[in-house]
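Keep in mind that this is a model prediction, so the values were computed, not measured. Protein chains get the first letters and strands the later ones, always in sequence-line order, with residue 1 at the start of each.
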Amino acid sequence: MQAERKESDRQVSQGSFRRFIRRPEIGAFSGMVVILLLLAIVAGDVVFNPLGIKNNLSIISQLGIIAIGACLLMIAGEFDLSIGSMIGFAGMSMAMMLKWGLPFGLGEASPFMAFTLTLCMTLFIGWLIGNIVVRSGLSSFIVTLAFLFILRGLTEVSFREFNDGSTQISGLPDFKETDFFAYLFGGETFKWVFTLLYEMGFNLNRLGNQWVIGLDAKVAWWICIAIITYVVLSRTQLGNWIYATGDNKESARANGVPVNQVKIGLFMFTAFCATIFAACQVFDTNTADAAKGNLKELEAIAAAVVGGTVMTGGFGSIVGVIFGAVIFGLVQNSVFYISWIDGSYYRVFLGTVLLIAAFANENIRKRITGGI
Amino acid sequence: MAKTAMAKTAMAKTAAEPLVKLRGIIKKFGPFVALNGVDMDIYPGEVHALLGDNGAGKSTLIKILSGVHQPSAGEIMVDGNPIVFRSPRDASAAGIGTVYQDLALNQLMSVSRNFFMGREIFKGPAPFGMMKLKEMDIITHDEMIKIGIDISDPHQAVGTMSGGQRQTLAIARAIYFGAKILILDEPTSALGQKQQMEVLKTIKRVRALGNIAIIFITHNEIHSKLIADRYTFLSLGEVIGSGTRESLDGDDIRRLMAGGAEMADLEMELGKI
C-alpha cells in the first residue's frame, strides 16, 4: 500500500542547481557576466588594462559603499534619499575643518579629528532622521526627501559664508602623504597585486616603468564593509531582525524585535556609509564641492534594486548589491572609453536595467508569498 | 468500561486546580460595557472552547488575558495567585501565549528564522551575536514534529507553506517559548476543509502533551464539538452558559451558540419572510 501523501510532500526538494538559480543574486550576477563579456569584446584593451581596472574599481567601490547602506535600509523597509546630500555635507564639514581649523576656535584640525567630528554630526543626523520616521509614522521617502534639500542647502550656505561666496574648496594640503589616518582614506591599497603584475610584465608604462601603483583605498573600504555587512545580515541576530522588520513590522514587533531601534540604527548606518564616501573623496583629491554626491542616493537605490533587493523590504542580499554596483560602475565608467558611444547612454542603460530588475524582484517576491 | 474510564478522567480533571481563573471581569470602553462580569476556569490538558457571536466580547476577553487591555474590574488568577498584566510582555512571562489570526509570521523569511524571530539562539554580544543556525533548524524541525508536521526543509519561506502548516508553526513556537496557556484566535477560519482538520489534529496533539491549557475561540459548532472538553458561551458581554462536554448536549450547544435563541424560533422567524 502506498504511504499517505502528506502536506510536506508538496514541497519538492530541489537540486542544488535549481536552488542556485532561485537565489536573489542570480539576476544581477548574470547581468554582470554579460556586461563583462560585452566590454571585453568591444573595448577589452582599455577596460581591462591596469589603469582601466583601477579606474573602474574606483567608481564601482564608491557606489558600492553607499549601495550597501541603501540596501540594508531597504531590506528593513525604508528609503534614504538624503545619502547624496549627506555626502556633500560630510565632505564640506571635513574640508572646512581641515582648512580653517576646528569649530569654536579649538585650534588646528588633524584629519582624524575632522573625520571623527564629522562622523559624529552625520550619525546624529541619521539618528534624527530615523527618529522622525519611526515616531511620526511618516513615509521615509518624504522625511529623507526633506533632508535631501535641508542638507544640500546647509552645505551651500556654509560654504558661501566661510569661503567668499564660493561653493568649492581646493588646494588643501596633501594630507595622505603626511598623515596615516588620511592615507587610510585617500591612499592606495592592493599595491602588492600591481607590483606582482609589474614583475610579471603586465603593468608597464611607455617608459617601461611600473604604470599603476595600486587601487584607491575606497576599494578596501568597500570590501571591508561588504564582508562585515554580509556576515551581519546573513548570520547574526541583528540580521534576522533587519529581515523581520522589513518583512512585516507588526509581526516582528509582536515577537519582541526592537523594530524602531533597528530602523534608527540603519539610518545611522547609511549616514556612516555616506561619510566614508566623502572622506575617501576629500582625502584623495584634497578638494570639496557643495555639489558632491548629487543624485548618488538614487544610484545607490538603483544598485540595490538591481542586486535583488525588494523595494517593499524583507528580501535582499549583500552579494546581490555587490553585483549591482559592479554593473553600474562598469557601465558608467566604460562608456567613456568607447568613443563611438555617447556617454549619456549610460543613463538609458541604467533606467532600462532598473526596470527589468524591479520586475524580476517583484516576480520573486510573489513567487515566495504564494502569488504565483 | 470505556465510559467509566472516561468519566473518571473527567473527574480527575475537574478535581485538578484550574490554571487560570477569571473572576468578575468587567471591561468598559467609555459608556460601552464590553464585558459585564465574566467568570471562567481554564484547566491544563483541556481544550476550552470560547464561543459566541460577533460582538459577544470574545476578542475583548482574549485581549485582557493576553495583556493588551486591562480589565476595568475583576481578577485574573494564574496558579491561584492574583496577577495584573500591564502589557503583552507580562502575560507572556506568565505563560500565556496568544496565536492571533495573522499568526505574526513573516512570509519571506524561512521557517526556522520565523520560529526564533526576536528570540534567536546566538553566541557573542547581542545584537551582533552569531546565530546558531544549525541548532535553530534542528529545534524547529523537532518542535514541529512533536505536534505533527514534518517540514522537509526548515529553510523554505513561510510564504510557501499551507495555512495549516503556518498555524502549526505559530503554535509550536508559542509552546517552545514557554506558553502554558495557549490562546488560539479562530485558528480554523480562512482555511479549507482539509487544512481545518490538520489544525484540529494539531490542537489535539497539543492537548495530549497534558500540561497545556488551550483556549479555542471559534464560530464553528462542529469544530468545537470535535475537540472541546469544556465550553464557555458569551453573549452581549456576559456568560450565558458554560460546562463540560459531558454536561452539555448538542441542543444546548446549538442554542447557546445562537446567543440563547431556540433553533425552532429561528426557523419560525425565517419562515415568516
Side-chain angles (χ1 to χ4, degrees), chain A residues 3 5-14 19 22-24 75 77 228-229 231-259 261-262 265-266 309-310 312-317 361 364-372, chain B residues 66 68 88-89 92 98-100 102-133 136 141 144-145 148-153 155-166 168 170 173-174 177 194-195 198:
Chain A
R5 187 168 160 81
K6 289 198 299 287
E7 187 61 42
S8 58
D9 294 337
R10 297 180 70 178
Q11 187 69 23
V12 182
S13 70
Q14 292 171 323
R19 266 170 201 275
R22 280 183 68 137
R23 289 188 66 85
I75 292 175
I228 291 169
T229 50
V231 172
V232 166
L233 191 60
S234 60
R235 294 274 180 277
T236 69
Q237 184 184 34
L238 179 60
N240 210 34
W241 289 357
I242 292 173
Y243 280 118
T245 300
D247 195 339
N248 182 343
K249 187 170 74 179
E250 292 315 320
S251 67
R253 192 174 276 144
N255 286 295
V257 175
V259 171
Q261 279 86 328
V262 167
L266 288 176
T309 314
V310 170
T312 46
F315 199 67
S317 79
N361 293 348
I364 292 173
R365 195 182 66 83
K366 280 199 187 129
R367 214 173 271 275
I368 292 173
T369 55
I372 299 178
Chain B
S66 55
V68 178
R89 202 172 283 265
S92 129
T98 313
V99 177
Y100 288 109
D102 68 0
L103 301 175
L105 294 174
N106 278 352
Q107 300 207 334
L108 294 168
M109 286 165 67
S110 73
V111 177
S112 47
R113 276 173 180 258
N114 261 293
F115 194 93
F116 286 94
M117 193 198 321
R119 287 169 290 216
E120 295 81 0
I121 303 177
F122 60 93
K123 210 171 97 181
F128 295 101
M130 303 292 273
M131 289 192 288
K132 297 179 172 174
L133 293 168
M136 283 161 55
H141 187 252
M144 300 262 301
I145 279 194
I149 284 190
D150 182 8
I151 41 162
S152 46
D153 177 11
H155 296 132
Q156 84 179 83
V158 163
T160 62
M161 294 168 87
S162 73
Q165 288 178 321
R166 289 183 210 189
T168 306
R173 180 172 67 180
F177 288 106
K194 193 129 192 262
Q195 300 292 333
E198 289 300 320

Of the non-hydrogen atoms in M130(B) and V231(A), which two are nearest, and what is the gap between them?
-> CE-CG1, 3.7 Å

Of all heavy-atom pairs linking T236(A) and F128(B), the shortest is CG2-O, 3.4 Å

What is the minimum heavy-atom distance between P127(B) and W241(A), and which atoms define it?
-> CB-CZ3, 3.5 Å

Greatest number of heavy atom pairs closer than 4.5 Å to chain A - which of G129(B), G164(B), A157(B), A126(B) = G129(B)

What closest approach, in Å, do M131(B) and Q237(A) show between heavy atoms, and which atom pair accounts for it?
-> CG-N, 3.6 Å

Closest heavy-atom contact between D247(A) and M109(B)?
-> OD2-N, 3.4 Å

With sequence neighbours left out, the residues meeting side-chain hydrogen bond (donor to acceptor under 3.5 Å, both in side chains) with T98(B) are none

To the nearest 0.5 Å, atom CG of N240(A) lies from atom CD of E120(B) at 4.5 Å

List the atom of L108(B), the atom of F315(A), and the distance in Å for their closest heavy-atom pair.
-> CD1-CB, 4.1 Å

Is it the side chain or the backbone of L133(B) that comes within 4.5 Å of chain A heavy atoms, both, or neither?
-> side chain

If one checks every heavy atom of I242(A) against chain B at 4.5 Å, the contacting part turns out to be neither

Those residues at least two apart in sequence (or on a different chain) that pass side chain to side chain contact (heavy atoms under 4.5 Å, CB included) with R119(B) are N255(A), R173(B), F177(B)

Should M117(B) and V257(A) count as side-chain neighbours, where that means a heavy-atom distance under 4.5 Å?
-> yes

Of the backbone (N, CA, C, O) and the side chain (C-beta and beyond), which part of A254(A) lies under 4.5 Å from a heavy atom of chain B, both, or neither?
-> side chain

